[in-house]
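This report refers to the structure that appears directly beneath it.
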Protein chains: 2
Amino acid sequence: MRMTPQRQLVLDAVRELGHATPEQVCKRVQGTAATVNITTIYRALDLLEELGLVRHTHLGHGAPTYSAEEHEHVHLACHRCGEVDEVDPAVLGDLGRRLLAERGFELDATHLALSGLCRACRAAGPEQTPADPPQQHAEEHR
Amino acid sequence: MRMTPQRQLVLDAVRELGHATPEQVCKRVQGTAATVNITTIYRALDLLEELGLVRHTHLGHGAPTYSAEEHEHVHLACHRCGEVDEVDPAVLGDLGRRLLAERGFELDATHLALSGLCRACRAAGPEQTPADPPQQHAEEHR
DNA sequence: TTATGTGCAAAAAGTTTGCAAGCAC
DNA sequence: GTGCTTGCAAACTTTTTGCACATAA
């Protein structure tokens, strides 16, 4: 395989964006090279993932996000507002070890987010339907 | 709202299936009432979720799965074979408490799966491309 | 030339929406 | 009749596939 300009742009975009959906990567790449097709983005992401240069994480709702491999931490996704926080995998303590011992399950903590309510949303109270439904804050970004 | 036959069938299906995608729920319901439309399944699932009778969990790949509310545990999803194991939320130990204290993040451990490699896939070894690619065992069920 | 990579169009999968018809009260 | 519910068709979003053309070695 060759590190083509398109693939390099995709890798750069992933590194710069931190986490990004294929759609967002596409936008970014097209800022530099407008003709690059979304198909190429998907293919490049798959390939870069096979090479171990990027990984993807499921944040809960629709699209997975891609990030550079070096960027390794556990994601905390708020299912009220969609905010994603990042924490050191060390917070998991010996969970990985216990799952391995008890269930034979080898945890990859960075691949999926942990879901819950972020500080801001907890502070905002448990109301299900905010009186003034703040746009961009829909449940799970539908 | 009324507990219509369709909605009852959807709820029953979710309870019987344990975890199921909307598609699977639809198949099941149509076993009893063939004319029920997939649209109705989606609407019923949303509604039952608002009522707190079912919840959905993101297992990592495409479709979310629905399960009955009483069915509460942490999911371990294998990203090699797609198997989903279930464990008692107690395995998480004080993780929830620590995240709350350190990050103000209120964990809902049942909403997202933990991802990793199941015992069987670990035993099968780390080969990326099995010599005999077992169908139904694609990475993340693409 | 041979294999690889790209863009485009179309297909596929999953989900949502609009609307007319049906049913409960 | 009024309003909630359903089925159907169509739209939409995200991702994948087929194919012809371009490009590198």
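Numbered from 1 within each chain, the chains take letters A, B, ... in sequence-line order. Below, each value reflects all heavy atoms present in this structure, side chains not excepted, and no hydrogens, waters or symmetry copies.
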Sugar-phosphate only, base, or nothing, as touched by Thr35(B) at under 4.0 Å among non-hydrogen atoms: sugar-phosphate

side-chain N/O Asn37(A) vs dC8(C) OP1/OP2, d < 4.0 Å: yes

Phosphate OP1/OP2 of dT6(C): any Thr40(A) side-chain N/O under 4.0 Å: no

Length of the line joining Glu23(B):CD and dA12(C):P, which is rounded to integer Å: 15 Å

Close side-chain approach of Asp108(A) to Leu117(B), heavy-atom, < 4.5 Å: no

Protein-nucleotide distance (Ile38(B), atom CD1; dG14(C), atom C1'), rounded to Å: 9 Å

Value rounded to 0.5 Å, distance of CZ in Phe105(B) from SG in Cys78(A): 6.5 Å

Minimum-distance nucleotide to Tyr42(A) side chain [options: dT6(C), dT16(D), dC8(D)]: dT16(D)

Nearest-Å distance for atom pair CD/P, residues Glu50(B) and dT5(D): 11 Å

Between dT5(D) (C1') and Leu45(B) (CG): distance, integer Å: 16 Å

Nucleotides 17-25 of chain C: protein proximity per nucleotide (B base, S sugar-phosphate only, - neither; heavy atom, under 4.0 Å): BB-----S-

Atom pair distance, as rounded to whole Å: NE2 in His58(A) and C1' in dT14(D): 14 Å

Parallel, tilted or perpendicular, as decided by the 30° and 60° cut-offs, for the rings of His75(A) and His19(A): perpendicular

Nucleotide dT6(C), atom P - distance to CE of Met3(A) in whole Å: 10 Å

Reported CG-to-CG distance for the pair Leu51(B) and Leu47(B), which is rounded to 0.5 angstrom: 5.0 Å

Side chain Gln30(B), main chain Val36(B), donor-acceptor under 3.5 Å: yes

Residue pairs involving residues 24-33 of chain B (criterion salt bridge (charged side-chain N to carboxylate O under 4.0 Å, His left out); sequence neighbours excluded): Glu16(B)-Arg28(B)

Nearest listed nucleotide, side chain of Thr4(A), among dG5(C), dT6(D), dT15(C): dG5(C)

Value in whole Å for how far the P atom of dT16(D) lies from CG of Asp46(A): 6 Å

Nucleotide dA13(C), atom P - distance to NZ of Lys27(B) in whole Å: 11 Å

Residues that Thr21(B) engages under side chain to side chain donor-acceptor pair (under 3.5 Å), provided they are two or more places apart: Gln24(B)

